[in-house]
Every structure is written in structure tokens, then in C-alpha cells.
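Remarks on the structure that follows.
Per chain, numbering begins at 1; letters A, B, ... match sequence-line order.
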Protein chains: 2
Amino acid sequence: MSDMTSTADAPRSPGRPRSLRADEAIIEATLDLLAEGSTIEALSIEAIASRAGVGKATIYRRWAGKDALLLDALRRLKGILPQPEGHSLRDDLILLVGAIGKNVDPRASKIMPCLVPEVNRSPDHFRLYQNIISPRRQLMREVLRRGISEGLLRPDIDIEVTMALLTGPMLIQRVLQWNPELDEQTLPEQVVDAVLAGILTR
Amino acid sequence: MSDMTSTADAPRSPGRPRSLRADEAIIEATLDLLAEGSTIEALSIEAIASRAGVGKATIYRRWAGKDALLLDALRRLKGILPQPEGHSLRDDLILLVGAIGKNVDPRASKIMPCLVPEVNRSPDHFRLYQNIISPRRQLMREVLRRGISEGLLRPDIDIEVTMALLTGPMLIQRVLQWNPELDEQTLPEQVVDAVLAGILTR
DNA sequence: GCGTTACGAGACTGGCCCGTATCGTATTGC
DNA sequence: GCAATACGATACGGGCCAGTCTCGTAACGC
């Protein structure tokens with residue numbers, strides 16, 4: 001969606017070709033500014049152009065406006081999916097939980113909180129957000145299903161609820177800074193163990 | 001903090017007194033605009049004044065700027081603390097989990113997501129946010145401690161982690177719209193039962 | 001009635017930004 | 001060389017907003 005004339009489509013038009021370095025510089029400048037704390041709407045085309053060392057026209061030649069540019073820029077943040085090994089259910093879950101909100105691009109963790117209001121406001125951004133996280137949910141779903149079919153997990157559990165149980169604590173801590181008492185480092189392991197075992201006396 | 005000349009302090013100065021209805025109208029207008037989807041920084045003093053039917057000067061006479069006004073307005077959203085009955089551990093936890101992100105003021109749930117970026121940016125807003133949620137955490141902490149001392153819960157559990165386990169799923173669903181598959185209505189009960197029992201086979 | 005302060009309304013300067021247009025220059029195919 | 005398109009820079013009109021200020025009016029103590 002919304003690719004505009006994003007450079008590098010085929011039919012070889014006459015004249016000077018678009019600069020690939022400009023594309024790159026614009027996207028990078030956008031992500032940098034967001035990571036430095038600018039809100040989405042405080043972000044201005046003028047600031048992006050200046051940071052990228054680029055004329056405003058060069059941006060408008062490629063994208064219709066801020067939203068289209070943002071959509072393309074944020075797509076860059078899709079990190080690599082973690083790869084559960086499949087040996088140990090517990091290890092796989094810890095891996096997946098630990099990967100929540102972690103991304104190849106270190107700017108992502110600063111940017112994510114800024115997107116929360118947009119996701120609640122704009123259907124486009126909501127779709128983008130779901131597109132990014134739903135493969136990760138799918139991965140966890142498969143690990144849990146495997147756990148059930150191997151007899152490790154109770155077959156009557158609600159998988160969606162269980163995923164929320166595993167994901168929620170990590171997400172509120174990383175995105176909402178929910179409880180300063182919690183240690184993000186050890187949290188994945190603690191969460192997985194608590195969910196697996198429950199807290200009732202035996 | 002930041003009370004400004006918030007009307008209604010004592011020594012009876014000469015001249016016309018500040019209008020209490022203006023105070024009220026300004027705060028209400030601010031919350032209304034936020035609830036209607038305006039972002040914190042898109043919110044302008046001019047818009048608030050116009051919505052409140054008030055001159056801009058009337059606002060500047062009371063608050064130093066948008067931040068001070070916002071701090072006061074958001075304080076209004078502190079809801080009433082839920083009151084666990086103390087009969088049933090399970091019922092008390094369901095009550096507390098269900099109250100997450102629910103507030104006496106229905107505008108609160110629309111406003112909360114907008115605050116996420118601010119909380120990450122401004123130490124003042126972060127403090128305000130922690131001031132609002134920490135009594136609720138404390139309430140849940142006490143319920144869990146009681147569960148331990150009554151022998152219902154294992155004494156070796158980490159209470160902070162357990163609270164995150166109970167709170168996280170509800171919060172990511174209400175604030176981040178994390179998983180469209182989940183039903184917010186039944187979630188508190190499902191979360192509490194799953195956390196209590198664990199998911200391992202017995 | 002008088003001094004004092006508040007009120008709603010709106011004028012005003014100054015800043016930031018949008019989106020477009022226009023510079024002179026650079027890079028391509030023909 | 002020439003047409004075509006891109007480039008960075010900058011100018012431009014228009015819009016929204018911040019904060020201050022000034023109207024004419026209203027509400028208080030004395």
C-alpha cells in the first residue's frame with residue numbers, strides 16, 4: 001500500500017533518475033527524529049528534509065504527505081522474527097517473550113510508545129501495527145499448540161488468553177514503564193515460569 | 001505541585017473573585033477535547049478557550065501554560081479505587097483486574113493511550129502516572145499477600161511479577177488493542193483463573 | 001460611588017509549518 | 001548538444017497557534 005513513486009520501478013523514464021541515497025536519507029532522518037523523542041505529529045516535513053540534507057520537494061516528489069512517508073518508514077522497523085528451536089517449551093517461550101518490543105533496530109523501542117495514540121486513531125496505522133505483531137503471535141500460538149500436542153500443556157487452556165498472559169507483562173513494562181520495581185532482564189523467565197506453574201499451592 | 005493561583009485560596013483579595021464556573025468549564029473542555037481524539041500536543045489553548053466559552057486570558061490567569069493546565073486536568077481522571085470485599089481471593093482479583101483502565105470518567109479510556117508518549121517523555125507526567133496507578137498496585141499487592149498468609153497462594157511467588165501477570169493482559173488489550181480475538185468482557189476472569197492455576201498438566 | 005480585579009472577545013506580533021513554485025545545477029538517454 | 005527529469009536551496013502565501021494586550025463590562029469590598 002501507498003508506495004507512491006517510491007523510486008526503482010521499472011520502465012526507465014527519461015531524465016535524471018531518482019537518487020537512491022535521498023530515499024535512504026529521508027527514511028533514516030524520519031526514524032532518527034522519532035527516536036529522539038519527536039511525536040508523530042510534531043514531526044514536520046521541513047525538519048525531516050533539513051535533517052536528511054534534502055530539499056522539501058525531494059520528499060514531496062516521493063510521498064503524498066507525512067502519513068505516506070511514515071507508513072513507509074515504520075515498515076523498516078519490522079524486526080526479524082525470532083526462531084524457536086523446538087527442543088524445550090520453556091526455552092522457546094522465554095525466547096519469544098524476551099523478544100517482545102526488542103527489535104533489530106534499537107530506535108524501535110523509543111518509537112513504539114509514540115505510535116500508541118496513532119494506532120488508536122488511524123485505521124491505516126492500526127492495520128500496519130497488526131501486520132507487524134500478528135506473525136509474532138502466530139509463532140507463539142504454534143509453540144503453545146506444540147506444547148499441548150506433546151502433552152506438556154493442559155489441552156483445555158485458551159491459547160489466546162495464554163498468549164496475552166505471556167505477552168502482557170513484558171509489553172506494559174517496555175512500553176508503559178508500568179512498574180519501576182520490575183527487572184526487565186529477568187522478567188521473561190519469571191513470567192514464563194509463573195504462567196506455566198500457576199500460583200496456587202499444590 | 002503546580003497549583004498556580006488555582007482559585008479558592010484564602011485571604012480574600014479585593015476586586016471581582018475568580019469564576020468557579022470558568023475553572024470548571026476549562027478543565028472540562030480540556031478533557032472533552034482529549035477524549036475526542038486530540039493529541040496532547042495538538043491541543044491548543046485557543047481551542048480549549050473557545051470550547052469552554054472563555055477568553056484565553058482567563059486561562060493564562062490561572063495556569064502558566066498547557067502543561068500546568070494538563071497536569072491539573074488529568075488529576076481529575078483519578079478514579080475511585082475499587083474495594084475488594086475480602087471474602088474470596090478469586091473474586092477480589094477479578095474485581096481489581098476488571099477495574100484496570102476502567103474509570104469513573106468514561107473519557108479516561110480514550111485519553112489514556114494519548115498519554116503514553118508523554119509519560120515516556122516528561123518526568124512530570126511520569127510521576128503523575130505513577131501516582132495514579134501505584135495505589136492500585138498496592139491494593140492488589142495486599143490482596144495477594146492475604147492470599148499467601150491464608151495459605152491459598154504459594155509463599156514463594158514473586159508478588160511484583162504476579163501483579164504484572166494479572167495486569168498486563170488487561171492493559172495491553174485496553175490501551176494497545178493488542179489482539180482483536182480477545183473478549184474484554186470475559187478477560188479478567190480468564191486471566192485470574194489461568195494465573196491461579198497455571199497451564200501445565202497436573 | 002470608587003478602586004480593584006475578573007470577565008469574554010478579539011486584535012496583534014511573531015513563530016512554525018504546509019505545499020507549491022522557482023532558482024541554478026547535475027545526471028540521464030538519445 | 002539537447003530534452004527531460006532530478007537535485008538542494010530558498011522564497012512564497014496561507015494557516016494555526018502562543019502569549020500579551022486592550023476593549024467595554026461585571027462583580028466584589030469599602
task: Between B:Ala42 and A:Gly53, name the one whose nearest nucleotide on DNA chain D is closer to the 5' end.
output: A:Gly53
Atom [atom1] of [X] and atom [atom2] of [N]: how far apart are they, to the nearest Å?
X	N	atom1	atom2	answer
B:Ile59	D:dT20	CD1	P	13 Å
A:Lys56	D:dG13	NZ	C1'	12 Å
B:Arg16	D:dC28	CZ	P	8 Å
A:Arg21	D:dG8	CZ	P	9 Å
A:Tyr60	C:dC17	OH	P	12 Å
A:Glu46	C:dC18	CD	P	6 Å
B:Leu20	D:dC28	CG	P	11 Å
A:Arg61	D:dA9	CZ	P	13 Å

Check the phosphate of [N] against [X], side-chain N and O only, distance under 4.0 Å to OP1 or OP2. Yes or no?
X	N	result
A:Thr58	D:dG8	yes
B:Arg18	C:dT4	no
A:Ser19	D:dA6	no

- request: Using a strict cut-off of less than 4.0 Å between a Lys/Arg side-chain nitrogen and an Asp/Glu carboxylate oxygen, indicate whether B:Arg21 and B:Glu28 qualify as a salt bridge.
  value: no
Touch check for [X], heavy atoms < 4.0 angstrom, all strands: base, sugar-phosphate only, or nothing?
X	result
B:Ala49	nothing
A:Lys66	nothing
A:Gly65	nothing

message: With heavy-atom distances below 4.5 Å as the criterion, would you say the side chains of B:Thr186 and A:Val161 are in contact?
response: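 B:Thr186 vs A:Val161: side chains apart.
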query: Is any side-chain heavy atom of B:Leu69 closer than 4.5 Å to a side-chain heavy atom of B:Ile27?
result: yes
- prompt: Taking the side chain of A:Ala22 as its heavy atoms from C-beta onward, which of D:dC7, C:dC17, C:dA21 lies nearest to it?
  reply: D:dC7
- prompt: Which nucleotide sits closest to the side chain of B:Pro14: D:dA9, C:dT5, D:dT5?
  reply: C:dT5
Gap between atom CD of B:Gln173 and atom CD of A:Glu160 - 0.5 Å precision: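 Rounded to the nearest 0.5 Å, the CD-CD separation comes to 10.0 Å.
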message: Taking atom CD as the centre, does A:Gln185 end up with more than 12 heavy-atom neighbours from other residues, nucleotides or ligands that are less than 6.0 angstrom away?
response: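 For A:Gln185, atom CD is not crowded (no more than 12 foreign heavy atoms under 6.0 Å).
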message: Which is more 5' along DNA chain C, the nucleotide nearest A:Ile45 or the one nearest B:Ala52? Just name the residue.
response: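 Looking at DNA chain C, the more 5' nearest nucleotide goes with B:Ala52.
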